[in-house]
2 protein chains.
Amino acid sequence: MKTAVESLRDLGLTEYEAKVYSALVRIGSGTASDIHLVSGIPRSAVYGALHRLEERGTIEVQSSKPMRYRAVPPEIALGKLKDNFMAESENALVALGEIYQTQKIGVREEAIWTISGIKNVSDKIIEMIMSAQNDIIFAASYPSFHEIAKTYPIFKNIKDVLADKIEEGVTVRVTGLRSEGLYGIAKDIPGAIIRAFPADKATAGGGILIVDGKGVLIAIMSENADTGMYDLMAIYTEGVGAASIFKHFVETEWDASVAI
Amino acid sequence: MKTAVESLRDLGLTEYEAKVYSALVRIGSGTASDIHLVSGIPRSAVYGALHRLEERGTIEVQSSKPMRYRAVPPEIALGKLKDNFMAESENALVALGEIYQTQKIGVREEAIWTISGIKNVSDKIIEMIMSAQNDIIFAASYPSFHEIAKTYPIFKNIKDVLADKIEEGVTVRVTGLRSEGLYGIAKDIPGAIIRAFPADKATAGGGILIVDGKGVLIAIMSENADTGMYDLMAIYTEGVGAASIFKHFVETEWDASVAI
DNA sequence: ACGTTGTTTTTATAATACTGACAAAAGCGA
DNA sequence: TCGCTTTTGTCAGTATTATAAAAACAACGT
């Protein structure tokens, strides 16, 4: 029987693509270096193969640093190759019956980055706030989020830069569940527009920061299963597209909450 | 649309093989010289390509003085290519299954993955909907999102799987701005709970899908500055933490919208 | 200072596209 | 039938890609 790599080659992948996918299936998920070690292909060659596989939709990418990759399950990945083959076959059938046209496809994306670690996330939050020109929306008062605030003095710094921005004339809106923490913010940041919503609406830890309607950061809290420690990770993007959609949701929440 | 030769190349034929077969389809039957004249490829190269095509069973040979060749009808020829592909795919699946490592569940981190491309994103949306056990929230009716729906029939498929899920007893809630598209969804998916919010709240293209309160996909539309074409990218996560925070926002919006 | 990550450039190598030479055979006008 | 040309099929060789492999590099974090 042919090996997986040989079969994948016959299905249209290059040697590298086949080996990279095969390696990812073996290890579940990993970084480019992991793939290099498992597959035995040059590390620098891993990146190109990963890009092509991602375009095919046979792997998935986690935009963290270092970037992590994982294989789409073989049934699904092969299904995609098959779908592609069938579509090409259908196209060939039509084309062979004549009629020619050319069509172009345009592409490319709005980059989304992820950050992990309490320090890194709070640094990024501060960096974004510092860059604000017009308005800031900060929805961060979810219950366990405060747990982190107790241990790490990130809110202290965030409050300071927010206060600075208000002095510069930037509109700052803060929303969260009605709690001591929120009252504390209201006291520490004079000039900020604060609103609260009932505690029963709250769910898990996290928050959203929107700056000037074009930068978004979403912080997500997670509890480590082993240690029971809280950790923070965040995704952020500078694109208008992503920002506007999140802004929409946050502003709906804003309208639904009450001033304090 | 791609030419026949381009599609055939993507199906695994070489340039010469594709051109020779294509030429034979055009002329019905002919000698190597005829093929040379019609296809424009070097006469001496025709012979080799004919041999390989013959081995694939996509052409037939007449052993006469000047040998004559004719194309097997496209449906049949493409069927042979497909059979070969499927066999190879099956083999790959078995080979990959031997090295597949099932993900360990439980200690899952809050990993966030990104997908790009309209096809890949819509595939993922469908995959997530299919996996739903209890409830689905789909907020996707932002204006330019419909632009993609016009070109790509992804909504058709999404509507179908949503309808299937409702039959299985899954609660499906759909929200979006008041528009024709939303009314269309309401009509096509009987049993779904549909709500609308005023159009002035809408912003840019995108949408959010939440499945069983533990899987979230956020689709973001972007318009290519050069070509003016729309593209889709998405981020998604399977973690409860991220899901609950997004669910919170979406449910707030749900409460703020009205039934239709 | 060091190791890692990700990009880029460069070099090898193999697959394929292309060219021309050639012998065998067929045609064709004496 | 003979010359002569044309066509056919095969081969050897070159050019041009596509891919594999290697190496250098900046950016970054420790």
Side-chain angles (χ1 to χ4, degrees), chain A residues 3 5-6 8-24 27 29-56 59 61-70 108-109 111-124 127 233, chain B residues 3 5-6 8-24 27 29-56 59 61-70 114 116:
Chain A
T3 67
V5 170
E6 286 167 347
L8 289 173
R9 288 217 60 167
D10 288 340
L11 293 177
L13 304 199
T14 67
E15 181 90 15
Y16 283 170
E17 289 165 1
K19 283 186 175 171
V20 165
Y21 179 76
S22 200
L24 272 177
I27 64 178
S29 84
T31 66
S33 290
D34 297 335
I35 295 166
H36 154 63
L37 291 173
V38 172
S39 67
I41 70 177
R43 189 181 59 85
S44 60
V46 171
Y47 295 98
L50 283 169
H51 285 141
R52 296 191 296 271
L53 286 172
E54 203 244 328
E55 281 175 11
R56 288 177 184 271
I59 63 166
V61 185
Q62 183 183 351
S63 297
S64 55
K65 174 194 267 193
M67 287 164 80
R68 293 186 67 83
Y69 304 84
R70 72 170 173 184
R108 273 330 113 177
E109 63 218 41
I112 294 180
W113 305 94
T114 71
I115 314 169
S116 62
I118 293 172
K119 176 90 169 45
N120 296 331
V121 170
S122 57
D123 280 354
K124 186 66 192 183
E127 179 194 325
M233 75 166 301
Chain B
T3 67
V5 170
E6 285 166 345
L8 289 173
R9 286 215 62 164
D10 288 341
L11 294 176
L13 305 199
T14 69
E15 181 93 16
Y16 284 168
E17 289 165 1
K19 282 183 175 173
V20 165
Y21 180 77
S22 197
L24 272 177
I27 64 179
S29 82
T31 66
S33 289
D34 297 333
I35 295 166
H36 155 63
L37 291 173
V38 172
S39 66
I41 71 176
R43 188 181 59 82
S44 60
V46 172
Y47 296 96
L50 283 168
H51 287 324
R52 295 191 297 269
L53 285 173
E54 205 240 324
E55 282 176 13
R56 288 179 184 270
I59 63 165
V61 184
Q62 182 184 346
S63 296
S64 53
K65 275 310 182 172
M67 305 221 325
R68 293 187 69 81
Y69 305 84
R70 73 170 174 186
T114 67
S116 61

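So you know, we letter chains A, B, ... as the sequences are listed, proteins then strands, and number each from 1.
Considering I59(B), V5(B), I35(B) as possible partners of Y21(B), the one that fulfils the side chain to side chain contact (heavy atoms under 4.5 Å, CB included) test is I59(B).
Closest to the P42(A) side chain, of the nucleotides dG9(D), dG6(C), dA21(D), is dA21(D). The side chain of S33(A) sits closest to dT5(C) out of dT5(C), dT8(D), dA17(C).
Distance, I41(A) CD1 to dA21(D) P: 8 Å, rounded to whole Å. Rounded to whole Å, the distance from CD on E15(B) to C1' on dA18(D) is 13 Å. The nearest whole Å value for the distance from the CZ atom in R52(A) to the P atom in dA18(D) is 12 Å. Rounded to whole angstrom, the span from the OH atom of Y16(A) across to the P atom of dT13(C) amounts to 13 Å. Taking atom OH of residue Y47(A) and atom P of nucleotide dA22(D), one finds them 17 Å apart after rounding to whole Å. Between L50(A) atom CG and dT5(C) atom P the separation is 13 Å, expressed in whole Å. Taking atom CZ of R9(B) as the reference point, atom P of dA15(C) lies 15 Å away to the nearest angstrom.
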**Study point:** side chain to side chain contact (heavy atoms under 4.5 Å, CB included) evaluation trace for V20(A) with L13(A)
**Key:** CA-CA 10 Å; V20(A) 165; L13(A) 304 199; over 6 Å; no
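Mapping S44(A) and S44(B) onto DNA chain D by nearest heavy atom places S44(B) closer to the 5' end of the strand. Each of R43(B) and T14(A) was assigned the nucleotide of DNA chain D with the nearest heavy atom; the assignment lying further toward the 5' end belongs to R43(B).
Among the atoms of the strands shown, none is found under 4.0 Å from any heavy atom of H36(A).
Looking at Y16(B) and P42(B), their side chains come closer than 4.5 Å, going by heavy atoms from C-beta outward. By the 4.5 Å heavy-atom criterion applied to side chains, L50(A) and V61(A) are not counted as neighbours.
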